[in-house]
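To start, the structure under review is shown below, and the notes come after it.
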Amino acid sequence: MQQFLNTKEAAKHVRLSTATLERLRVRGGGPPYITPIPSKVVYDVTDLDTWMWSRRRKSTSEEAAA
């Protein structure tokens, strides 16, 4: 079953502040999101998890994530 989270719930899921998640949405580089209607933003839990795993690093010398 597909699960969608609002911005507050998504921020908690990825352990970021709501403001940081909103900033990433504006500037780019954050997880994919869906706008089912213009004033509503939701995130698919699978996309959030995929985004987090894509940012996995083994050392601080690795290139920073986009």
Side-chain angles (χ1 to χ4, degrees):
M1 182 174 158
Q2 199 128 17
Q3 184 179 2
F4 297 102
L5 304 176
N6 64 32
T7 301
K8 183 177 180 180
E9 296 164 334
K12 185 175 181 179
H13 184 80
V14 296
R15 292 175 170 65
L16 294 174
S17 71
T18 302
T20 297
L21 195 56
E22 290 170 344
R23 189 170 36 257
L24 287 169
R25 193 167 62 230
V26 170
R27 294 182 181 170
Y33 61 93
I34 301 163
T35 53
I37 59 173
S39 61
K40 177 91 171 161
V41 174
V42 295
Y43 293 85
D44 182 329
V45 170
T46 303
D47 288 338
L48 293 170
D49 292 339
T50 300
W51 179 75
M52 287 293 285
W53 281 108
S54 75
R55 303 182 69 75
R56 187 176 184 188
R57 302 290 178 259
K58 292 183 180 183
S59 76
T60 57
S61 62
E62 289 185 53
E63 184 176 328

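Here the side chains of E22 and T7 are in contact, with some heavy-atom distance below 4.5 Å. You'll find the side chain of L21 reaches within 4.5 Å of the side chain of P31, heavy atoms only.
For the atom pair NZ of K8 and NZ of K12, the computed distance is 8.5 Å after rounding to the nearest 0.5 Å.
Under a 3.5 Å cut-off, the side chain of T20 and the backbone N or O of L16 do not form any donor-acceptor pair. With S54 contributing its side chain and W51 its backbone, the two residues share a donor-acceptor pair below 3.5 Å.
In this structure N6 satisfies the side-chain hydrogen bond (donor to acceptor under 3.5 Å, both in side chains) test with no other residue, sequence neighbours excluded.
Cluster partners of I34 are F4, V42, counting Ile, Leu, Val, Met, Phe, Trp and Tyr whose side-chain heavy atoms approach within less than 4.5 Å, directly or via other members.
Tested against V14 for a side-chain contact (heavy atoms from CB on, under 4.5 Å), the candidates L48, L24, L5 yield a single pass: L48.
Residue pairs that meet the side chain to side chain donor-acceptor pair (under 3.5 Å) test with at least one member in residues 31-43, sequence neighbours left out, are R25-Y43.
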